[in-house]
Amino acid sequence: MTTPRIDRVLKEGEIGSTLEVRGWVRTRRDSKQGFSFIELNDGSCMGNLQIVVDADVPGYEDTIKDVTTGASVAIEGELKESPGKGQRVELQATSLRVLGTADPETFPLQKKRHSFEFLREIAHLRPRSNTFGAVTRVRNVISRSIHNFFQSRDFVYINTPIITTSDCEGAGEMFQVTTLNVDRIAEIQTKIDYAQDFFGKKASLTVSGQLEAEIYATSVGPCYTFGPTFRAENSNTTRHLAEFWMVEPEMPFYELPDDMDLAEAFIKTIIKDVLETCPEDMEFFNKRIDNTVLESLQNVLDNEFIRLPYTDAIELLEKCDKKFEYPHEWGRDLQSEHERYLTEEHFKQPVILYDYPRTIKPFYMYCNDDGKTVRAMDVLVPRVGEIIGGSQREDRLSMLETRMAECNLDPEEYWWYLDLRRYGSVPHAGFGLGLERMVQFVTGMTNIRDVIPFPRTPKNAEF
RNA sequence: UCCCCGAUAGCUCAAUUGGUAGAGCGAGCGGCUGUUAACCGCUAGGUCGUAGGUUCGAGUCCUACUCGGGGAGCCA
């Protein structure tokens with residue numbers, strides 16, 4: 001007897017074959033004297049397998065009452081063509097075992113639709129729902145697609161540290177890591193002596209693996225990091241997490257246009273892979289979450305990303321008729337409403353903005369000859385906004401030192417980073433893609449807390 | 001962190017000018033049915049987010065706090 005997952009049974013299960021399925025009951029409809037229908041889901045796909053249990057199945061009377069929504073069961077039977085509508089096959093049960101009951105009085109998941117806010121409070125059960133099952137499967141395919149994309153291009157997967165002591169980069173507020181007894185210190189000292197701490201100095205959770213990735217890009221060649229990233233920013237939005245997953249490729253001998261080419265190919269490949277691998281889940285998102293998702297993803301695949309210098313974008317915003325709440329002027333960063341206008345209304349497709357004012361960007365970006373801009377690029381997509389941020393890195397030692405001085409950074413803290421420019425420096429570039437934002441973009445889910453299994457946000461680290 | 005909105009049954013929501021709490025779904029029981037978010041009947045289920053205040057009387061008005069939603073900033 002085989003024990004296939006339900007996605008296989010639904011797709012290619014042979015009529016007449018006998019098999020056992022295991023999973024969790026979604027619903028049961030029955031007739032006291034007749035028989036019962038069970039909708040079984042095992043997480044392998046969106047669809048449920050319909051199981052018909054006749055009253056003559058051994059132990060039917062005693063067992064069937066425990067087959068309630070949420071219960072886990074193992075059922076043997078013969079696969080038959082289904083006379084009913086809505087499914088190709090159904091399993092005619094010959095034996096029925098309840099592995100674990102789920103008290104219907106207290107089991108929180110109903111057959112009915114729940115709000116995402118409620119489901120977030122039961123993060124341990126929400127992956128058993130249609131939406132979160134689908135999100136989980138799509139997220140997995142995106143992760144696989146990310147590795148495939150880079151591996152097929154001979155990029156090296158590297159692991160940059162989670163704990164860092166470089167108090168740097170300005171990418172955001174950092175979570176501190178310490179083994180010091182801070183409760184005790186608060187009682188007896190006014191100042192903390194980090195020499196006594198685990199690493200002998202102040203340590204934090206990483207906000208980016210970029211600087212370390214540059215080390216490997218300039219030694220083993222094109223590489224990428226893919227791991228958790230932490231920002232202690234007090235951001236309360238639908239697109240920020242305190243702990244999220246980021247992909248950061250770094251390529252030697254790449255200049256900004258090469259970086260943009262790679263980013264565009266990257267996003268398109270992920271979308272293509274998801275559409276090919278998860279058609280049912282994507283159909284679900286399009287039907288139940290956002291009915292523009294499939295259309296907009298196809299639109300991304302069919303068109304070249306718009307590439308627009310920051311300066312031209314400002315000009316375009318000045319000329320357009322749209323009234324904005326916030327001003328836009330050269331030298332200021334674009335507001336969300338400006339970015340959204342460009343990608344959602346004006347171009348209606350992804351836009352890569354580049355050559356930003358150097359005053360609003362970090363120290364490591366390559367300075368253009370105009371003295372005013374740096375080779376930075378942001379990829380903006382409809383619905384989500386900024387999904388990728390990247391740049392060509394400053395590879396000239398003296399210019400990097402100038403920029404660090406401008407940004408009030410201590411060169412001694414970055415001695416190893418400067419060494420990369422001192423010894424065999426090469427042009428290089430890279431970018432960062434937030435995994436969760438990509439999942440949002442692909443699925444149409446509007447809140448980032450619903451595309452990661454266990455969201456970490458200000459005041460929220462349950463589970 | 002800032003602005004706006006919200007918190008009432010297990011879930012989603014309603015409750016008039018301040019007058020003492022209601023529906024649908026879910027659940028239990030019964031009925032019916034090759035059913036498909038099944039259908040019909042009955043039943044149970046609430047310290048109205050927390051703490052204060054105003055009032056004869058507060059779900060309703062005021063204050064603070066907590067949590068949630070939308071928007072903004074920061075960014076991925």
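A, B, ... follow the sequence lines: proteins, then strands. Residue 1 opens every chain.
Among the protein residues, A:Gly86 comes within range of no part of the nucleic acid, since none of its heavy atoms lies under 4.0 Å from any strand. At the heavy-atom level, A:His240 lies under 4.0 Å from base atoms of the strands shown. A:Tyr326 comes within 4.0 angstrom of the backbone, heavy atoms only, and of no base. A:Arg340 comes within contact range of the sugar-phosphate backbone alone, with a heavy-atom separation under 4.0 Å but no base atom that close. Within 4.0 Å of A:Glu337, counting heavy atoms only, lies no atom of the nucleic acid at all. Contacts of A:Pro104 with the nucleic acid, taken as non-hydrogen atoms under 4.0 Å apart, involve only primed sugar atoms and P, OP1 or OP2. Contacts of A:Thr229 with the nucleic acid, taken as non-hydrogen atoms under 4.0 Å apart, are absent. Counting non-hydrogen atoms under 4.0 angstrom, A:Phe244 reaches a base of the nucleic acid. Within 4.0 Å (heavy atoms only), A:Ile388 reaches sugar-phosphate atoms of the nucleic acid but no base atom. Nucleic acid contact class of A:Thr237 (heavy atoms, under 4.0 Å, all strands): base. Among the heavy atoms of the strands lying under 4.0 Å from A:Arg449 are primed sugar atoms or P, OP1, OP2 only; no base atom is included.
Contact annotation: side chain of A:Glu117 to base of B:G6, donor-acceptor pair absent below 3.5 Å. Contact of A:Arg437 with B:C75 (side chain to base): a donor-acceptor pair of N or O atoms is detected under 3.5 Å. Interface remark: the A:Gln50 side chain does form a donor-acceptor pair with the B:U35 base, using a distance-only criterion of under 3.5 Å. No hydrogens or angles were tested; on distance alone, nothing pairs the side chain of A:Asn48 with the base of B:U36 as donor and acceptor under 3.5 Å. Evaluation of atom-type donor-acceptor distances gives a pair under 3.5 Å for the side chain of A:Gln110 against the base of B:G10. Side-chain N/O atoms of A:Ser235 and base N/O atoms of B:C74 include a donor-acceptor pair closer than 3.5 Å.
Of the candidates B:A72, B:C74, B:A76, the closest approach to any side-chain atom of A:Glu233 belongs to B:C74. Checking B:A27, B:A76, B:U35 against the side-chain heavy atoms of A:Glu105 singles out B:A27 as nearest. Side-chain atoms of A:Thr27 lie closest to B:A38 of the nucleotides B:C75, B:A38, B:C67. Of the candidate nucleotides B:U12, B:U1, B:C11, B:U12 has the atom nearest to the side chain of A:Ser115. Closest contact between the side chain of A:Thr238 and the listed nucleotides B:C67, B:G34, B:G71 involves B:G71. When distances run from any side-chain atom of A:Phe35 to the nucleotides B:A76, B:G34, B:A72, the shortest one goes to B:G34. For A:Phe118, whose side chain is taken as the heavy atoms from C-beta onward, the closest listed nucleotide among B:G34, B:A72, B:C11 is B:C11. Proximity note for A:Ser82 (side chain, C-beta onward) versus B:G34, B:G68, B:G28: the nearest is B:G34.
Between the OH atom of A:Tyr341 and the P atom of B:G71 there is a distance of 21 Å, rounded to whole Å. Here the P atom of nucleotide B:G30 and the NZ atom of A:Lys65 are 13 Å apart, to the nearest Å. Here the P atom of nucleotide B:C3 and the CD atom of A:Glu325 are 15 Å apart, to the nearest Å. Atom-to-atom, CD of A:Glu243 to C1' of B:A76 comes out at 14 Å; the value is rounded to the nearest Å. Nucleotide B:G68 holds its P atom 12 Å from the CG atom of A:Asp450, rounded to whole Å. Note: CD (A:Gln440) to C1' (B:C75) measures 13 Å, nearest angstrom. Rounded to an integer number of Å, the gap from A:Phe230 CZ to B:C74 C1' is 19 Å. Distance A:Ile142 CD1 to B:A76 P: 19 Å, rounded to the nearest Å.
For B:U35, neither phosphate oxygen OP1 nor OP2 lies less than 4.0 angstrom from any side-chain nitrogen or oxygen of A:Lys85. A close approach under 4.0 Å does occur between a side-chain nitrogen or oxygen of A:Asn447 and OP1 or OP2 of B:G70. Not one side-chain nitrogen or oxygen of A:Arg29 sits closer than 4.0 Å to the OP1 or OP2 atom of B:U36. Taking 4.0 angstrom as the limit, A:Asn460 places a side-chain polar atom (N or O) nearer than this to OP1 or OP2 of B:G68. The phosphate of B:C13 has neither OP1 nor OP2 within less than 4.0 Å of any side-chain N or O from A:Arg113. Checking the phosphate oxygens (OP1, OP2) of B:G73, a side-chain nitrogen or oxygen of A:Gln335 falls inside 4.0 Å.
Between the side chains of A:Tyr60 and A:Ser36, at least one donor N or O sits under 3.5 Å from an acceptor N or O. Using modelled atom types and a 3.5 Å distance limit, the side chains of A:His338 and A:Tyr326 yield no donor-acceptor pair. For the residue pair A:Glu212 / A:Thr160, no side-chain donor-acceptor distance below 3.5 Å is found, with atom types taken as modelled. For A:Tyr356 and A:Asp378, the side-chain atoms include at least one donor-acceptor pair closer than 3.5 Å. Side chain to side chain, A:His328 and A:Glu318 fail the donor-acceptor criterion of an N or O pair below 3.5 Å. When only modelled atom types and interatomic distance are considered, A:Gln176 and A:Ser204 share no side-chain donor-acceptor pair under 3.5 Å. In the model, A:Tyr254 has no side-chain atom that pairs as donor or acceptor with a side-chain atom of A:Gln392 under 3.5 Å. Side-chain N/O atoms of A:Asp273 and A:Ser145 include a donor and acceptor closer than 3.5 Å.
In terms of heavy atoms, A:Thr165 sits closest to A:Ala203 at CG2-CB, 4.0 Å.
Distance noted for atom P between B:C5 and B:C65: 16 Å (whole Å). Spacing of P atoms, B:G49 relative to B:G31, comes out at 40 Å, to the nearest Å. Nucleotides B:C13 and B:C56 are separated by 32 Å at their C1' atoms, to the nearest Å. The separation of B:U60 from B:A15, taken at their P atoms, amounts to 14 Å, rounded to a whole angstrom.
In this structure, CG in A:Asn299 is found 12.5 Å from CG in A:Leu294, a value given to the nearest 0.5 Å.
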Completion exercise
Note, RNA chain B 5' to 3' with Watson-Crick or G-U pairs under 3.5 Å encoded as ( ), [ ], | and . gives (((((((..((((.....[..)))).(((((.......))))).....(((((..]....))))))))))))....
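Using the six-membered ring where Trp is involved, A:Trp245 and A:Phe226 have ring planes that are perpendicular, over 60° apart on the 30 and 60° scheme.
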